[in-house]
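Okay, structure first, notes after.
Please read these numbers as outputs of a predicted model, since none were measured by experiment. All ligand and atom numbering here is 1-based and tracks the order in the structure.
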Amino acid sequence: MHKILILNGPNLNLLGSRQPDVYGHETLAMLEQRCIDHGTALGLSVVCEQSNHEGVMLDLLHGARSLYAGVILNAGAYTHTSIALMDAIFSIELPVVEVHLSNIHAREEFRHRSYVSRAALGQICGFGSQGYLMAIDALDTHLNKDTAG
Ligand code: DQA
């Protein structure tokens, strides 16, 4: 059974109450439970983590290398600033799917650049929490393709 990590970054603990017009009304706990259920239905074990701290996120990514088959990452605002997160993704050599609730390309220009994208398998954005389920499907397909050789 593949085990995957869903890592949410800064301010995503505030989902549900944070700018609901942009990020929706669903709380992080609700979103995480939907991801776990979706993963279970696919035969995946899903573990969810969230941190507001770049260094903690780096440590979680480093640790993921030996624990998980892949990662789904919403790095929040660190997406647009963190070369360190990009380097960590390159270093761990795991498939990482980048997710954003909002369509970052339709928002302020500073959100258009993603350092995460340079190292990620791909990016899903603009579909709200559904994007996480799409990312699980994408990672599952990718991992099964790898298994099939
Ligand atoms: C976000 C988009 C980022 O630009 C923003 O800083 C976030 C959330 C999203 O999920 O849409 O915190 O990653």
Ranked by distance from atom 4 (O) of ligand 1, the top protein heavy atom is H80 NE2, 2.7 Å

In this structure, CG of N74 is separated from CD1 of I124 (nearest 0.5 Å) by 11.5 Å

One should read off an interatomic distance between I136 CD1 and T40 OG1, to the nearest 0.5 angstrom, of 9.0 Å

Rounded to the nearest 0.5 Å, the NE2 atom of H112 sits from the CD1 atom of I104 at a distance of 8.0 Å

*Would H80 and E108 count as having a side-chain donor-acceptor pair, cut-off 3.5 Å?*
no

**Request:** Could you establish whether N11 and ligand 1 come within less than 4.0 Å of each other, counting only heavy atoms on the residue side?
**Result:** no

for atom 9 (C) of ligand 1, nearest protein heavy atom and its distance come out as L101 N, 3.4 Å

of all protein heavy atoms, closest to atom 1 (C) of ligand 1 is H100 ND1, 3.7 Å

for atom 5 (C) of ligand 1, nearest protein heavy atom and its distance come out as R111 NH1, 3.3 Å

Can a side-chain donor-acceptor contact be found between T79 and E98 if the only test is distance below 3.5 angstrom? no

| query | Taking both backbone and side-chain atoms of I104, is any N or O found less than 3.5 Å from an N or O belonging to ligand 1? | reply | no

**Message:** Can you confirm whether the side chains of Y132 and N8 place a donor and an acceptor under 3.5 Å from each other?
**Reply:** yes

Does any N or O atom in T79 lie less than 3.5 angstrom from one in ligand 1, N or O only?
no

Answer with yes or no whether R18 contacts ligand 1, where contact means a heavy atom under 4.0 Å from a ligand atom. yes

key: Contact check: L12 vs ligand 1, nitrogen or oxygen atoms, below 3.5 angstrom   = no

In this structure, atom 11 (O) of ligand 1 is nearest to the protein heavy atom S102 OG, 2.6 Å

Taking every heavy atom of A69 against every heavy atom of L143, the minimum-distance pair comes out as O-CD2, 3.5 Å

